[in-house]
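Order of the sequence lines sets the chain letters (A, B, ...), proteins ahead of strands, with each chain counted from 1. Keep in mind that the numbers below use all heavy atoms, side chains included, and drop hydrogens, waters and symmetry copies.
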Amino acid sequence: MAEKKSSSHFFDLKIPLGSLLSFYGLLLLLYGLFGPRHIYEKSLGLNVNLIWGVVILLTGGLFLGFAYFRRVNSN
Amino acid sequence: MDPIISLNLIDYLILAAYVVITIVVGYALKKYMKTSEDFFLSGRSLPSWITSLAFLSANLGALEVIGMVANSAKYGILTVHFYWIGAIPAMVFLGIFMMPFYYNTRVRSVPEYLKLRYNEATRGLNAFSFAIMTLLMSGISMYAMALIFRMMLGWSLTSSILLSAGVVLIYVFFGGLSSSIYNEVIQFFLIWLGLLPVVYVGLKAVGGFSGLAAKLPDTFLHAWKNMGSAAANPMGVNWMGVVLGLGFVLSFGYWTTDFLVVQRTLASENINAARRTPIMAAFPKMLVPLIVVVPGLIAVAVLPEYSVALHGSATPDYNSTLILLLARYLPNGVLGLAITGLLASFMSGMAGNVTAFNTVWTYDIYGTYIKKNMPDEHYLMMGKLATIFGVLFSIGTAYIVQSFPNLMDYMQLIFSFFNAPLFATFLLGMFWKKATPWGGFFGLLSGIVAAAVHYLLYKLNVIHYSSEMAANFFQAWWAWLTDFVVTIVVSFFTRKKAESELKGLVYSLTPRTKGSEMFWRRPEIWGSIALIVMVILNIIFW
């Protein structure tokens with residue numbers, strides 16, 4: 001049976017996850033800013049894409065930030 | 001029939017980005033897959049934040065989400081029982097009491113524990129039933145999901161099935177369990193980020209929580225108040241059915257012995273991380289009702305077809321509850337995100353099944369009955385082949401079910417026969433050293449038979465319950481009790497294992513290791529906090 005010490009031998013998931021979320025956030029934010037307005041009748045006049053885009057962008061940024069600081073610290 | 005939702009370019013971009021990132025992650029993991037333990041158990045190297053989120057998401061499949069929204073449109077707040085009493089105690093129990101046996105014995109699967117504690121026959125019974133059922137269920141859920149995507153977006157069944165199966169095959173083939181787990185973590189965020197907007201806009205439309213409460217009948221607003229008798233609540237189950245059937249047998253059976261979830265804890269980097277995995281998962285688990293129960297309640301408040309159903313004058317299609325709400329409140333953009341969340345949770349549910357299958361197949365069936373003692377590379381290759389075979393078999397099942405839709409109910413039912421009694425076998429195995437190998441085997445077998453017999457008696461109208469759900473809960477309870485009693489009785493008449501063989505496998509024969517960690521990292525502390533929060537939530541929504 002393998003008794004090897006395998007310390008964090010996988011890559012940091014925060015990077016792809018943070019990138020995906022940041023991409024989504026940016027996309028929704030831009031669509032909210034420049035996209036059509038009439039679609040927000042559905043959401044009671046609320047520009048959900050803009051608001052939620054910002055939230056997701058911050059979440060994604062947080063992951064990337066953590067991953068960055070971890071890398072800087074371990075070097 | 002026209003699709004309910006129409007997507008545009010931005011939604012498709014969001015969907016495509018998800019598919020691309022999963023494949024990239026799977027491919028990037030390829031270079032780490034050197035041994036079979038890397039492939040099947042992530043080299044036991046993942047930190048607990050990742051394994052906890054995966055532990056939770058493995059269960060939060062798309063069908064689960066859609067089904068629970070449907071349940072809450074049918075039963076109201078009673079649906080929280082599936083999340084609080086029906087999950088939290090079992091998750092805490094797994095982390096505090098059972099994890100040391102799973103992790104410290106270095107078993108690689110749930111059936112392997114049964115082999116060490118009982119005998120080869122018990123393992124075989126569990127391994128074969130688990131492997132077959134897992135694949136069948138994966139095919140069935142693929143078919144069910146394809147139906148939903150057809151209704152929602154107008155995609156053909158074949159294109160949904162091939163798209164999802166193809167992507168899952170690619171990333172599991174390259175990255176094994178790690179791919180599966182990483183995708184579950186991504187899915188966790190997507191499903192929350194995807195569904196929160198509909199919760200927010202929906203709540204705004206009904207005038208917040210108080211506005212929502214004003215539009216619903218009293219029975220929809222209390223978790224326990226109307227549980228005194230089965231007739232007084234929409235679920236048709238009394239408190240005993242919920243506590244014994246759901247809270248005890250079904251919940252413990254699923255969360256502590258189903259390899260699909262247990263496998264995630266085995267991927268942890270050390271015993272403490274393994275013990276923290278289910279316990280840390282308990283906290284987000286308690287919040288899941290926010291994204292599944294609240295939408296169901298909103299649907300009843302705003303969609304006429306669901307509110308008239310309250311008076312019994314119609315039976316709406318409950319499975320489309322969530323989709324109708326998404327179509328009503330979400331503009332393109334966040335809409336695509338919600339659909340991506342659903343697709344992600346569907347794919348990761350399937351990947352979970354496939355990874356659990358390939359592990360049990362390779363270690364417990366192939367490596368035990370077909371080719372023993374081969375070099376590790378051989379088993380690694382077999383795991384990859386099993387992945388391909390597993391996906392193809394699931395696709396086949398999806399098409400068979402397509403021509404025989406009734407099969408779906410039967411399979412789910414048969415699965416419950418195998419799942420419910422297993423917890424008795426584990427409980428006695430881990431905490432009663434006198435349980436014998438054949439006691440374990442016959443206990444498990446008779447538990448399965450008891451579930452089948454109970455089902456027949458119920459269908460033949462010999463036993464009556466006020467609802468299907470009550471029948472289901474009590475069936476689990478009787479199957480469990482049969483297993484429990486038969487294991488004990490047979491154990492008195494059959495040969496015991498020597499105590500030296502049971503070291504590390506049974507509570508009383510395992511030296512207690514004192515946790516060296518600071519008190520704020522100990523699983524006992526967090527487990528107690530989780531239970532307290534659960535009790536408080538139940539009181540608030542009493």
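Side-chain N or O atoms of A/Lys42 include none that pairs as donor or acceptor with a backbone N or O of B/Pro331 at under 3.5 Å.
With a 4.5 angstrom heavy-atom cutoff, B/Ile14 touches chain A via backbone and side-chain atoms both. The part of B/Thr340 that comes within reach of chain A is its side chain, from C-beta onward, which places non-hydrogen atoms under 4.5 angstrom from that chain. B/Asn183 does not touch chain A: none of its heavy atoms, backbone or side chain, sits under 4.5 Å away. When heavy atoms are compared at a cutoff of 4.5 Å, B/Phe189 approaches chain A solely by way of its side chain, counted from C-beta outward. Interface remark: A/Leu27 contributes backbone and side-chain atoms alike to the contact with chain B (heavy atom separation under 4.5 Å).
Contact record, A/Pro16 with B/Val25: CB-CG2, 3.8 Å, taken as the closest heavy-atom pair.
A/Asn49 CG to B/Ile10 CD1: the interatomic distance, rounded to the nearest 0.5 Å, is 6.5 Å. Rounding to the nearest 0.5 angstrom, the gap separating the CG atom in B/Leu53 from the CG atom in A/Leu13 is 9.5 Å. Here CG of B/Leu337 is found 6.0 Å from CG of A/Leu28. Values are rounded to the nearest 0.5 Å.
Side-chain contact between B/Leu193 and A/Leu21 is present, with at least one heavy-atom pair separated by less than 4.5 Å. In this structure, B/Tyr329 and A/Val48 have side chains that are not in contact, with every pair of non-hydrogen atoms separated by 4.5 Å or more. Using a 4.5 Å heavy-atom cutoff, the side chains of B/Tyr200 and A/Trp52 are not in contact.
With chain A as partner, the option from B/Pro47, B/Ala28, B/Gly336 having the largest number of non-hydrogen pairs under 4.5 angstrom is B/Ala28. Chain B forms the most heavy-atom pairs under 4.5 Å with one residue out of A/Asn47, A/Ile51, A/Leu17, and that residue is A/Leu17.
Applying the 6.0 Å contact sphere to OH of A/Tyr40 captures more than 12 heavy atoms from other residues, nucleotides or ligands.
Residues of residues 53-66 of chain A placed with any heavy atom under 4.5 Å of a heavy atom in chain B are listed by number as A/Ile56, A/Phe63.
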